[in-house]
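As the structure is a prediction and not an experimental result, all values here were calculated from the model.
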Amino acid sequence: MSKHRYSLCARFAFLMIGISACATTPAGDEPWIDFASLHPRPALNQALYCSPDICSATNQYAGAPQFDLSAEALAERLVLLEPQSSTRICPNGDIQVRYVALTPTLKFRDDVDLLIRSLDDGRSELAAYSRSRIGLYDFGANNARLQKLFTRLRTLEGKPS
């Protein structure tokens, strides 16, 4: 097979992956993530920030950030930042938020699930799990997405809702 034909095959495969990623279902059609029993995939296309109290089934995470806001106020700010998100209140009082993030260039859909837990002192803790729907490596995009979200929330932390 000629070099040109390999190039065409590779382009076609990349195009088909792109089309399939854009055609996948939105997060609202999937069941909510259970952070307590979460076992992240062994792939390099995800980022998980959690604490042992929330993600008790795994230790494959970075620490969950804490905010000087109540869980409800933090959830309001998350919805302001991600207006297309879905929210639910769990039976134990935790608040879950989820949304689909689009990659800037190729518009691939990545899933973002968040869990906000109230702390005893009126503050809250945010568990976050972002993952690509396709591919084995994301070049750090999911981690960067969560870091950017945390920074944006910190800038809103002191502002009234």
(Q) In the structure I gave you, are the side-chain heavy atoms of L126 and L114 within less than 4.5 Å of one another anywhere? (A) yes
Q.
Do D110 and L102 have side chains that approach each other closer than 4.5 Å (heavy atoms only, starting at C-beta)?
A. no
Q. So do the side chains of R77 and F67 get within less than 4.5 Å of each other, counting heavy atoms only?
A. no
Q. So which heavy atom on F35 is nearest to which on C50, and how close?
A. CD2-SG, 4.2 Å
Q: Look at D113 together with R131 and state whether they make a salt bridge at an N to O cut-off of under 4.0 Å.
A: yes
Q: Could you go through the side-chain hydrogen bond (donor to acceptor under 3.5 Å, both in side chains) check for N142 and S130 one step at a time?
A: CA-CA 6 Å; N142 284 293; S130 179; 2.6 Å; yes
Q. Can you check whether Q96 reaches I116 side chain to side chain, under 4.5 Å on heavy atoms?
A. no
**Q.** Short side-chain to backbone donor-acceptor contact, S124 and L69, under 3.5 Å
**A.** yes
Q: Kindly indicate, with the supporting measurements, whether the criterion side-chain contact (heavy atoms from CB on, under 4.5 Å) is fulfilled by Q46 and S132.
A: CA-CA 6 Å; Q46 62 190 347; S132 302; over 6 Å; no
Q: Would you check if L78 and L153 make a side-chain contact, meaning some heavy-atom pair closer than 4.5 Å?
A: yes
Q. Can you pull the salt bridge (charged side-chain N to carboxylate O under 4.0 Å, His left out) pairs that have at least one residue in residues 52-72, sequence neighbours excluded?
A. D68-R123
Q. Which atoms form the tightest heavy-atom contact between H39 and A57, and what is the distance?
A. CE1-O, 3.2 Å
Q: Flag the pair D138 / R145 as yes when at least one side-chain heavy-atom distance between them is below 4.5 Å, and no otherwise.
A: no
**Q.** Pair listing, ring pair (Phe, Tyr, Trp, His ring centres under 6.0 Å) test, anchored in residues 123-157, at least two apart
**A.** Y49-F150, Y137-F139
Q.
Starting from V97, can I reach I89 by hopping between I/L/V/M/F/W/Y residues whose side chains sit under 4.5 Å apart?
A. yes
**Q.** Donor-acceptor contact present, side-chain S56 to main-chain P52, <3.5 Å
**A.** no
Q: Using distance alone, with no hydrogens and no angle criterion, decide if S86 and R98 have a side-chain donor and acceptor under 3.5 Å apart.
A: no
Q.
What I'd like to find out is whether the side chain of I134 reaches to under 4.5 Å of the side chain of N45, using heavy atoms alone.
A. no
Q: Find out whether the Lys NZ or Arg CZ of R133 is both under 6.0 angstrom from the six-membered ring centre of F108 and within 45° of the ring's axis.
A: no
Q: Would you confirm whether T58, through its side chain, and Q60, through its main-chain N or O, come within 3.5 Å as a donor-acceptor pair?
A: yes
Q: Check whether any side-chain N or O of S70 sits under 3.5 Å from a backbone N or O of A73 as a donor-acceptor pair, and report yes or no.
A: yes
Q) Given the rule that I, L, V, M, F, W and Y join up when any side-chain heavy atoms are under 4.5 Å apart, are I54 and I95 in one cluster? A) no
Q) Quick one: does Q84's side chain get under 4.5 Å of Y99's, heavy atoms only? A) no
